[in-house]
Amino acid sequence: MKEFWTQGIMLHGSLNLLVTVVRLLMSLFCGGMIGLSRSVKRRSAGFKTHSLVCLGSCLITLTAQYIFVMGEITSDLARLPAQIISGVGFLGVGTIIVTGNNHVRGLTTAAGLWAGAGIGIAIGFGYYSGGIIATVLILCIYGFLSRVDDYAYSHSRILDLYVEFESRSAVTEFLKLMREKGYKVSDLELSKPKKGIDSTVSARFSLRVPTAGHHDEYIQELNDMDCVEYVEEFGI
């Protein structure tokens, strides 16, 4: 039993049916567990996507071993699994979306797909303990550690904001108010107005506040200003 968890079912000349079934089912289970946690949060890549990525990675790894064991084709055992990592990278890009307000979504999902591929490779090579432990840790990240990340992000002294102003003069007034309150504005980017000099102006910038607090309170404070029409925090 100890050898099973540390090394898996070792290859002695051939891949048998039991080894293939066990590894494919285990990769399907691990990928499905990760994907299920994403489906609950209605993410773009959920149960089916993570299951397929992990299962496919395991199958490709098994295929590489099969080619190597059969000896009919001279092959580097790690060549096919190495292509999985780069291939899943392109798949992950499709889950990343940048909204009109520069709000980035999907990075965590893309990272989860990449990690799921790694689990599939580990199980495909028979490294069961590594694959299962990684699955448990990823589920912990999605569950408990995500709350820690959300808390730290929401109580940071730096807010990345998208703000709409009624005119360019309102931007000047806003910056003056920020200095009076002791707030520091950096990385300010203004959009070009669509019509005339007094049309609505949008801005993206980082705002550093004197004391840490919940971001909703600061956003509400900015939203109550006469010179501001709309405020939204953006980020990852």
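Treat the numbers as computed from the prediction; the structure is a model and nothing was measured. Along the sequence shown, the residues carry numbers beginning at 1.
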CG-CZ distance between L159 and R208, expressed to the nearest 0.5 angstrom: 11.0 Å
Note, Y66 side chain near T20 side chain (heavy atom, < 4.5 Å): no
Heavy-atom pair of closest approach, residues I158 and S206: CG2-CB, 4.3 Å
Check: L80 and T61 side chains under 4.5 Å, non-hydrogen atoms: no
Shortest non-hydrogen contact between C54 and G31, atoms and distance: CB-CA, 3.8 Å
Any F165 side-chain heavy atom under 4.5 Å of V228 side chain: yes
Gap between atom CG of L55 and atom CG of L25 - 0.5 Å precision: 8.5 Å
Nearest heavy atoms of Y162 and S202, plus distance in Å: OH-CB, 3.6 Å
Please report, to 0.1 Å, the donor-acceptor pairs under 3.5 Å made by any side chain of residues 213-227, with sequence neighbours excluded.
residue	atom	partner	partner atom	Å
H214	ND1	D216	N	3.2
H215	ND1	E233	OE1	3.3
H215	ND1	E233	OE2	2.6
H215	NE2	Y153	O	3.3
H215	NE2	S154	O	3.2
H215	NE2	S156	N	3.4
H215	NE2	S156	O	2.7
Y218	OH	T211	O	2.6
Y218	OH	T211	OG1	3.3
Q220	NE2	D224	OD1	2.9
E221	OE1	Y183	OH	3.2
E221	OE2	K181	NZ	3.1
E221	OE2	Y183	OH	3.4

Side-chain heavy atoms of H50 within contact of L113, under 4.5 Å: yes
Least distance between heavy atoms, S57 atom then I121 atom: CB-N, 4.1 Å
Heavy-atom closest contact (Y142 atom, G112 atom, distance): OH-CA, 3.1 Å
CD1 on I119 to CD1 on I123, rounded to 0.5 Å: 6.5 Å
Beyond-backbone contact of M26 with I132, side-chain heavy atoms, under 4.5 angstrom: yes
Side chain to side chain, R23 and Y128, heavy atoms closer than 4.5 Å: yes
